[in-house]
Amino acid sequence: MELLKENIIPWSVSNGVALVILVTAFRWTKLTRLFLFMLFAWACWLNYNTAHKTPDDYLIYATFTPFEMYHNFVIHWFKSNIVPTVTLISIGQGLIAFGMILKGLMVQIACVGAILFFIAIAPLGVGSAFPATLIAAAATMLILKKDNLNYLWHFKRK
């Protein structure tokens, strides 16, 4: 609970953004895809730059997770492999972002990648702004269910 108190502002902003993404997914899936494009493009840039400039910043996530397995992973294996691991993660985030603006199978693959990513980081607790990740995963599932999967800039004419 102390970690949440210390991080209440970024946690609140992240959860607010996730709720906006979820609300838009019910009616405007193209807007939701645009939001996810922006989120993953920003995360790609931020993670790549952080990994190459200040990689030890990621070690704080060991204190955020309530799960011993994640804690041990961060302080052992991940600590020795931050730069290559986060570089690969950032590339994946960039591919998800790019996939969100395309169409058809590429959007579906990007959505599955986004859902898996959101679920994978959820156990980081406050560090992943839990439950924001699960809210965003639910919004992404709505894209798969409701969107026509055409290019982001193609709208259905009435």
Side-chain angles (χ1 to χ4, degrees), residues 1-79 81-83 85-101 107 109-147 152:
M1 194 58 149
E2 190 65 32
L3 284 172
L4 182 56
K5 285 181 187 176
E6 293 172 11
N7 295 283
I8 193 68
I9 293 173
W11 181 88
S12 298
V13 169
S14 296
N15 277 278
V17 168
L19 288 171
V20 167
I21 289 171
L22 179 62
V23 168
T24 63
F26 282 102
R27 181 157 171 125
W28 304 289
T29 54
K30 294 269 193 267
L31 181 58
T32 308
R33 285 173 53 194
L34 177 62
F35 288 156
L36 290 173
F37 163 78
M38 293 186 314
L39 176 69
F40 278 97
W42 170 77
C44 168
W45 172 82
L46 180 68
N47 282 320
Y48 184 86
N49 283 310
T50 304
H52 290 271
K53 292 178 182 172
T54 56
D56 286 347
D57 286 0
Y58 290 98
L59 298 178
I60 190 73
Y61 290 101
T63 62
F64 288 145
T65 183
F67 299 102
E68 187 177 347
M69 182 181 81
Y70 266 63
H71 175 83
N72 290 337
F73 172 77
V74 171
I75 63 170
H76 294 296
W77 185 87
F78 184 72
K79 183 178 180 179
N81 297 284
I82 294 172
V83 175
T85 303
V86 178
T87 298
L88 286 173
I89 289 169
S90 70
I91 290 168
Q93 290 169 325
L95 291 171
I96 290 169
F98 188 61
M100 287 293 170
I101 65 173
V107 176
I109 292 169
C111 285
V112 169
I115 292 165
L116 292 173
F117 177 79
F118 287 136
I119 291 170
I121 67 168
L124 293 173
V126 174
S128 67
F130 182 84
T133 55
L134 299 183
I135 295 168
T140 308
M141 285 192 258
L142 286 170
I143 292 170
L144 287 172
K145 183 176 180 180
K146 298 178 71 170
D147 194 76
L152 191 60

Item to check | Polar contact flag, side-chain donor to acceptor under 3.5 angstrom, N47-S90 | outcome: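 N47 vs S90: no donor-acceptor pair found between side chains.
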Checklist entry - Do you see a donor-acceptor pair shorter than 3.5 Å between the side chains of T54 and D57? => result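 T54 vs D57: donor-acceptor pair found between side chains.
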Item to check | Pair T133-I119, side chain to side chain contact (heavy atoms under 4.5 Å, CB included): steps then yes or no | outcome: CA-CA 7 Å; T133 55; I119 291 170; over 6 Å; no
Which heavy atom in [X] sits nearest to a heavy atom in [Y], and how many Å separate them?
X    : Y    : answer
R33  : I101 : NH2-C, 3.9 Å
T140 : A114 : CG2-CB, 4.0 Å
Y58  : L46  : OH-O, 4.3 Å
S128 : I121 : OG-O, 2.9 Å
A62  : V74  : CB-CG1, 3.6 Å
M141 : I115 : CG-CD1, 3.4 Å

Closer than 3.5 angstrom, by distance alone: can the side chain of [X] be matched with the main-chain N or O of [Y] as a donor-acceptor pair?
X   : Y    : answer
W11 : A132 : no
N15 : A129 : yes
T29 : K146 : no
T63 : I60  : yes

Checklist entry - Parallel, tilted or perpendicular for F40 and F118, by the 30°/60° rule? => result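 Geometry flag for F118 against F40: tilted rings.
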Checklist entry - In terms of ring plane angle, is the pair Y48 and H52 parallel, tilted or perpendicular, where the classes change at 30° and 60°? => result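 Ring orientation of Y48 relative to H52: tilted.
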Checklist entry - More than 12 heavy atoms of other residues, nucleotides or ligands under 6.0 Å from CZ of F78: is that the case? => result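 It does: F78 CZ has more than 12 such atoms within range.
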Item to check | Whether over 12 other heavy atoms sit under 6.0 Å from F64 CZ | outcome: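 More than 12 heavy atoms, drawn from other residues, nucleotides or ligands, come within 6.0 Å of this atom.
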Measuring from atom [atom1] of [X] to atom [atom2] of [Y], what distance do you get when rounded to the nearest 0.5 angstrom?
X   : Y    : atom1 : atom2 : result
L95 : M100 : CG    : CE    : 12.0 Å
S14 : I9   : OG    : CD1   : 12.0 Å
I21 : I143 : CD1   : CD1   : 8.5 Å

Item to check | Stepwise ring pair (Phe, Tyr, Trp, His ring centres under 6.0 Å) check, Y61 with F67 | outcome: CA-CA 11 Å; Y61 290 101; F67 299 102; over 10 Å; no
Item to check | V86/T50 under side chain to side chain contact (heavy atoms under 4.5 Å, CB included): CA gap, chis, key distance, verdict | outcome: CA-CA 9 Å; V86 178; T50 304; over 6 Å; no
Next on the checklist: Tell me which one of T24, D147, T32, L22 satisfies side chain to side chain contact (heavy atoms under 4.5 Å, CB included) with L142.
Outcome noted: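 Going through the options one by one, the only one that passes is L22.
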Checklist entry - Heavy-atom distance under 4.5 Å between the side chains of W77 and T85, does that happen here? => result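 Answer yes - side chains close enough.
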